[in-house]
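Note sheet for the following structure.
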Amino acid sequence: MKVGILGGGQLARMLVEAGTPLGLDFTIVDPKADACAAGMGRFIHADYTDPDALDCLAACDRVTCDFENVPADALAVIDDRVAVRPSAAALAAAQDRLSEKDRFTRLGMETPGYAEVNSRTDLQAAVEALGLPAVVKTRRMGYDGKGQMVLRDAEDLELAWRKLGEYPLIVEQWVAFDHECSITAVRSGDGELRCWPVSRTWHRDGILRLAASLSVAESRQRAAERLIRTLAEDLDYVGCLTLELFAVGDRLLANEFAPRVHNSAHWTIEGAVCSQFENHLRAVCGLPLGATEARGASVMVNFIGRMPAPCPWLELPDLHWHDYGKSAREGRKVGHATLCAPDAEALKSMLPRLDGLLDSDLLRELDSALGAT
Ligand code: AMP
């Protein structure tokens with residue numbers, strides 16, 4: 001079966017790695033000549049709206065995306081010629097933070113208080129209604145903490161307006177969460193839905209640094225599953241979907257969702273029976289879904305900016321290295337490593353050996369999260 005992918009980043013690369021043993025044949029389109037999936041499958045170096053590139057995608061059996069901000073024009077051209085999974089409508093639903101939050105509200109999913117902002121007066125009114133601290137975000141095209149600014153006191157409003165005022169904005173209440181987590185599910189074309197265990201996540205400057213599959217309470221797992229099922233069914237979703245959550249006491253507040261494979265579930269490559277990448281392709285291609293159980297406990301460390309040397313870390317017996325082959329650049333995700341263990345206790349006992357691979361504050365937080373399981 002031929003699968004076209006719009007976007008040639010590391011997610012496309014890992015999709016190809018997972019799909020090749022299934023016998024799938026890939027065509028990737030990306031406007032960057034040095035896209036990190038460029039060496040995988042058939043690579044078309046072209047703009048997303050290039051008619052010839054879109055013709056090549058339309059000749060595939062299925063088309064999927066490795067990012068959500070795919071231009072609507074590109075999908076409109078191929079939508080009636082090839083099965084696009086997830087659908088153009090599901091992608092569009094994640095492109096605007098305001099409609100995303102409105103959807104959560106309509107579905108009865110708790111989300112941080114928010115307000116639409118289109119003027120300096122709106123910004124003032126939003127902050128008066130929601131209180132400080134708050135966070136102002138561009139409604140579109142923001143990712144990895146880009147296009148956002150935290151508002152701590154009244155002076156920050158002017159600064160934020162100067163920096164972001166030219167865009168349509170949303171202001172959200174700042175949530176003093178206990179921790180962040182996310183849940184990833186895969187849904188097939190006939191509506192079967194399977195969830196991986198909840199991932200605990202740690203961000204710094206808006207960028208994911210660590211994601212861990214620990215054993216969470218059954219009630220927490222069920223609550224997260226109910227939320228993602230509600231969302232996936234509302235979107236009539238096909239493929240992998242991730243819902244990012246803030247945990248506050250017993251409550252789970254929806255932050256945002258990603259209509260694609262997601263960084264917080266990279267641990268599933270080695271740490272689950274079937275990975276998010278393989279299951280995404282299974283769903284997209286109409287194949288039976290694989291099991292989503294974790295094999296034990298695992299933690300994934302993101303490498304941001306530049307890759308560390310692989311030694312001595314490769315000496316750890318169940319550590320798996322992923323170098324995306326990207327050049328070094330500040331704030332850029334260039335690779336990750338996943339450390340697996342039979343259970344949380346065994347994983348905790350391995351943590352001192354990660355000293356130097358990740359910041360000591362993250363290591364401490366991970367250690368205490370493992371202690372709490
Ligand atoms: P986002 O791009 O919206 O997922 O934001 C990136 C990260 O910034 C989140 O994972 C949180 O760590 C932090 N963040 C974003 N919005 C909020 C909020 N309303 N309250 C607290 N932290 C937030």
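Count residues from 1 along the sequence. Computed from heavy atoms alone, side chains included, the values below leave out hydrogens, waters and symmetry copies. Note that ligands are numbered from 1 as they come in the structure, with each ligand's atoms numbered from 1 the same way.
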Backbone or side chain, does any N or O of Pro112 fall under 3.5 Å from an N or O of ligand 1? no
Using a plain distance cutoff, I'd like to know if Glu172 has any nitrogen or oxygen under 3.5 Å from a nitrogen or oxygen of ligand 1. yes
Classify the contact between Asn255 and ligand 1 as side chain, backbone, both or neither, using a heavy-atom distance cut-off of under 4.0 Å. side chain
Could you list all the side-chain hydrogen bond (donor to acceptor under 3.5 Å, both in side chains) pairs where at least one residue sits in residues 301-319, not counting sequence neighbours? Asn263-Asn302, Asp318-His320
Show the atoms of ligand 1 that are less than 4.0 angstrom away from any heavy atom in [X].
| X | value |
| --- | --- |
| Phe177 | 21 (C), 22 (N) |
| Val175 | 18 (C), 20 (N), 21 (C) |
| Gly206 | 6 (C), 7 (C) |
| Glu244 | 4 (O) |

Parallel, tilted or perpendicular: ring planes of His266 versus Tyr324, cut at 30 and 60 degrees: perpendicular
Whether Trp321 and Phe303 hold their rings parallel, tilted or perpendicular, with breakpoints at 30° and 60°: tilted
Name every donor-acceptor pair, under 3.5 Å, that has one atom in a side chain of residues 30-44 and the other anywhere in the protein, sequence neighbours excluded.
unit_1	atom_1	unit_2	atom_2	d
Asp30	OD1	Lys32	N	2.8
Asp30	OD2	Gly8	N	2.7
Asp30	OD2	Tyr48	OH	3.4

Kindly determine whether Leu169 and Thr138 satisfy side-chain contact (heavy atoms from CB on, under 4.5 Å), including the steps that lead there. CA-CA 5 Å; Leu169 300 170; Thr138 55; 4.0 Å; yes
When you check the side-chain N and O atoms of His262 and Glu244, is any donor under 3.5 Å from an acceptor? yes
Option of least heavy-atom distance to atom 1 (P) of ligand 1 (set: Gln148, Glu180, Gln173, Glu100): Gln148
